[in-house]
Engineer: 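Please find one structure pasted underneath; my questions will follow.
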Amino acid sequence: MLLKTHQWGPEGPHCIVCVHGVAQHGGVFADLGRRLAGAGHSVLAVDLRGHGESRRMPPWNSATHVDDLLETVDAAGAERVSWIGHSFGGRLVAEAAARAPEGSDRLVLLDPGLQVPAEIALRSAEIDRLDWSFATVDGALNALLSSDSVVAAPREVVEAYVRDDVRKGADGRFRFNFCPSAAVVAWSEMSLPAPPIARLPTLIVRASAPLFPVDPALELRYAEALGDLLTARTVPNGHNVLWESPGETAEAIEQFLGAPTPSLP
């Protein structure tokens with residue numbers, strides 16, 4: 001399935017593809033996308049199946065999400081991709097890079113949900129499966145700001161995202177623009193063993209107050225598999241590093257990606 005996309009910068013065969021986490025959409029990358037585009041990069045973010053303006057239809061398992069990503073990237077004309085994924089999106093881009101290494105250049109994992117403890121996945125799925133509805137947009141905003149996933153995000157940043165994301169239903173109440181069933185499946189997928197490790201230059205950005213505990217065994221696997229190809233950074237505050245430590249996160253990504261690859265005339 002072709003996904004809804006958000007684009008910044010010039011079109012070209014070398015592209016940065018950004019993938020969001022559960023219950024969000026590609027617009028969460030807007031500030032980062034504009035910053036990278038300003039440096040000359042071609043940037044594409046997607047709304048995953050069941051999220052944002054992409055279609056809601058199942059299946060919602062990781063393999064189907066990766067199929068959607070590769071199909072959408074191919075339709076966009078991208079021949080070489082650097083992947084950026086946050087949370088569940090980190091798991092998906094890791095799997096996409098492992099499945100299509102010949103077209104993948106670099107991999108950026110932002111506080112990724114590569115392998116989430118089952119008890120955390122269950123708790124999160126039980127929350128996301130509920131029909132969260134609000135009388136006002138401000139009610140939705142306050143609920144998000146009080147969630148475990150937000151530690152120190154500026155209210156104005158989250159508010160801009162919420163006002164773009166929520167939709168008013170036929171009952172007059174506001175809801176976040178994702179399919180709860182898709183979110184439940186995503187949490188189930190994140191409780192499975194981590195995907196294979198692609199031997200690509202990889203940047204892992206960890207939050208100092210992460211939503212998921214860091215698995216030392218998985219960290220060791222990455223270090224042993226990648227060696228000098230692996231770069232690790234820790235940034236302040238909470239899980240949504242795009243909101244909570246945008247400057248530090250963007251700087252780490254820019255240093256890792258380097259200058260854009262020029263397109264041949």
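When reading the values below, keep in mind they use all heavy atoms of this one structure, side chains included, and skip hydrogens, waters and symmetry mates.
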Engineer: For A75 versus L2, what's the shortest heavy-atom pair and its separation?
Structural biologist: CB-CD2, 3.6 Å
Engineer: When rounded to the nearest 0.5 angstrom, what is the spacing between OG1 in T231 and CG in D228?
Structural biologist: 9.0 Å
Engineer: Answer yes or no: are there more than 12 heavy-atom neighbours, outside R34 itself, under 6.0 Å from its atom CZ?
Structural biologist: yes
Engineer: Can you check whether S62 reaches F88 side chain to side chain, under 4.5 Å on heavy atoms?
Structural biologist: yes
Engineer: Same hydrophobic cluster for V108 and V17, using side-chain heavy-atom links shorter than 4.5 Å among ILVMFWY?
Structural biologist: no
Engineer: Does any part of the side chain of S104, heavy atoms only, come nearer than 4.5 Å to the side chain of W83, both counted from C-beta?
Structural biologist: yes
Engineer: What are the two closest heavy atoms between A198 and L226, and how far apart are they?
Structural biologist: O-CD2, 3.4 Å
Engineer: Could you check whether any side-chain N or O of D47 sits under 3.5 Å from a backbone N or O of G26, counting only pairs where one atom can act as donor and the other as acceptor?
Structural biologist: yes
Engineer: Just wondering, do T249 and L110 contact through their side chains at under 4.5 Å, heavy atoms?
Structural biologist: yes
Engineer: Quick one: does any side-chain atom of D68 pair with a main-chain N or O of M1 as donor and acceptor, under 3.5 Å?
Structural biologist: yes
Engineer: Mind checking the CG-CZ spacing from L48 to R55? Nearest 0.5 Å is all I need.
Structural biologist: 15.0 Å
Engineer: Treating N177 as the side-chain partner and R167 as the backbone partner, does any N or O pair qualify as donor plus acceptor under 3.5 Å?
Structural biologist: no
Engineer: Main chain of R49, side chain of H51: is a donor-acceptor contact present, judged purely on distance under 3.5 Å?
Structural biologist: yes
Engineer: Show every side-chain hydrogen bond (donor to acceptor under 3.5 Å, both in side chains) that has at least one partner inside residues 191-214, sequence neighbours left out.
Structural biologist: R206-E219
Engineer: Could you list the residues that satisfy side-chain contact (heavy atoms from CB on, under 4.5 Å) with A152, not counting sequence neighbours?
Structural biologist: N237, E244
Engineer: Is there a continuous path of hydrophobic side-chain contacts, each under 4.5 Å between heavy atoms, that joins L44 to I253?
Structural biologist: no
Engineer: Please answer whether the main-chain N or O of V46 pairs with a side-chain N or O of H6 as donor and acceptor at a distance below 3.5 Å.
Structural biologist: no
Engineer: Run through the side-chain heavy atoms of Ile, Leu, Val, Met, Phe, Trp and Tyr, join any pair under 4.5 Å, and report what else lands in W60's cluster.
Structural biologist: V185
Engineer: Is the shortest heavy-atom distance from the side chain of L257 to the side chain of S82 under 4.5 Å?
Structural biologist: yes
Engineer: For A97 and L107, work out which heavy atoms get closest and say how close.
Structural biologist: CB-CD1, 4.3 Å
Engineer: Considering only heavy atoms from C-beta outward, does the side chain of Y222 approach that of L109 to under 4.5 Å?
Structural biologist: yes
Engineer: Can you get from V158 to V151 by hopping between Ile, Leu, Val, Met, Phe, Trp and Tyr side chains that sit under 4.5 Å apart?
Structural biologist: no
Engineer: Just grab all the side-chain hydrogen bond (donor to acceptor under 3.5 Å, both in side chains) pairs involving residues 136-147, residues at least two apart or on different chains.
Structural biologist: D138-R163, N142-R155, S147-S149
Engineer: Keeping the roles fixed (side chain from R99, backbone from A63), state whether a donor-acceptor pair exists under 3.5 Å.
Structural biologist: yes
Engineer: Suppose we screen for ring pair (Phe, Tyr, Trp, His ring centres under 6.0 Å). Which residues come up paired with Y161, at least two apart in sequence or across chains?
Structural biologist: H25, W243
Engineer: Could you give the distance from CG (L92) to NE2 (H20), rounded to the nearest 0.5 Å?
Structural biologist: 9.0 Å
Engineer: Mark yes or no: R106 above the aromatic ring of F256, with NZ or CZ under 6.0 Å from the six-membered ring centre and no more than 45 degrees from the axis.
Structural biologist: yes
Engineer: Report whether V81 and I84 are members of the same hydrophobic cluster (ILVMFWY, side-chain heavy atoms less than 4.5 Å apart, transitive linking).
Structural biologist: no
Engineer: Are side-chain heavy atoms of L32 and V43 found at a separation under 4.5 Å?
Structural biologist: no
Engineer: In sequence, state the C-alpha distance, the side-chain angles, and the governing distance for E254 and L36, and then conclude on side-chain contact (heavy atoms from CB on, under 4.5 Å).
Structural biologist: CA-CA 7 Å; E254 286 177 326; L36 294 174; 3.8 Å; yes
Engineer: Identify, with sequence neighbours excluded, every residue that meets side-chain contact (heavy atoms from CB on, under 4.5 Å) alongside P196.
Structural biologist: A98
Engineer: Evaluate the side-chain contact (heavy atoms from CB on, under 4.5 Å) criterion for residues L144 and V162: first the C-alpha distance (whole Å), next the side-chain angles of each, then the deciding distance (0.1 Å), finally the verdict.
Structural biologist: CA-CA 9 Å; L144 183 54; V162 169; 3.7 Å; yes
Engineer: Got a sec, which pairs hit salt bridge (Lys or Arg N to Asp or Glu O under 4.0 Å) with one end in residues 169-180, sequence neighbours left out?
Structural biologist: D131-R175, D171-R175
Engineer: Before you tell me yes or no, could you show the steps for L114 and F212 under side-chain contact (heavy atoms from CB on, under 4.5 Å), namely the whole-Å CA-CA distance, both residues' side-chain angles and the distance that decides it to 0.1 Å?
Structural biologist: CA-CA 10 Å; L114 296 171; F212 320 123; over 6 Å; no
Engineer: Considering non-hydrogen atoms only, spot the tightest contact between G90 and P112 and give its length.
Structural biologist: CA-CB, 4.1 Å
Engineer: Test: side-chain hydrogen bond (donor to acceptor under 3.5 Å, both in side chains). Region: residues 70-80. Which pairs qualify, not counting sequence neighbours?
Structural biologist: R80-D105
Engineer: Which pairs with one or both residues in residues 108-123 pass side-chain hydrogen bond (donor to acceptor under 3.5 Å, both in side chains), sequence neighbours excluded?
Structural biologist: D111-H239
Engineer: Which heavy atom of V66 sits nearest a heavy atom of A96, and at what distance?
Structural biologist: CG1-CA, 3.8 Å
Engineer: Roughly how far, to the nearest 0.5 Å, is the CG atom of D165 from the CD atom of E53?
Structural biologist: 9.0 Å
Engineer: Quick check against the 3.5 Å criterion: does W187 have a side-chain atom that pairs as donor or acceptor with the backbone of V22?
Structural biologist: no
Engineer: Give the minimum heavy-atom separation between D148 and L211, together with the two atoms involved.
Structural biologist: O-CD1, 3.9 Å
Engineer: Does R91 have any salt bridge (charged side-chain N to carboxylate O under 4.0 Å, His left out) partners at least two apart in sequence or in another chain, and if so, which?
Structural biologist: none
Engineer: Excluding sequence neighbours, so at least two apart, what forms side chain to side chain donor-acceptor pair (under 3.5 Å) with S42?
Structural biologist: none
Engineer: Measuring only between side-chain heavy atoms, which start at C-beta, is F176 closer than 4.5 Å to F134?
Structural biologist: yes
Engineer: Would you mind reporting whether I16 and C18 have side-chain heavy atoms less than 4.5 Å apart?
Structural biologist: yes
Engineer: Check this for me: does any side-chain nitrogen of one of R221 and E224 sit under 4.0 Å from a carboxylate oxygen of the other?
Structural biologist: no
Engineer: Should N61 and T64 be marked as a side-chain hydrogen bond (donor to acceptor under 3.5 Å, both in side chains) after you check the CA-CA gap, both sets of side-chain angles, and the distance that decides it?
Structural biologist: CA-CA 6 Å; N61 60 312; T64 302; 2.6 Å; yes
Engineer: Are E248 and R233 ion-paired here, with the side-chain N under 4.0 Å from a carboxylate O?
Structural biologist: no
Engineer: Sub-3.5 Å donor-acceptor pair from the side chain of S245 to the main-chain atoms of V235, do we have one?
Structural biologist: no
Engineer: Tell me, please, which residues at least two apart from F178 pass ring pair (Phe, Tyr, Trp, His ring centres under 6.0 Å).
Structural biologist: none
Engineer: Is V19 reachable from W8 through a run of hydrophobic residues whose side-chain heavy atoms are each under 4.5 Å from the next?
Structural biologist: no
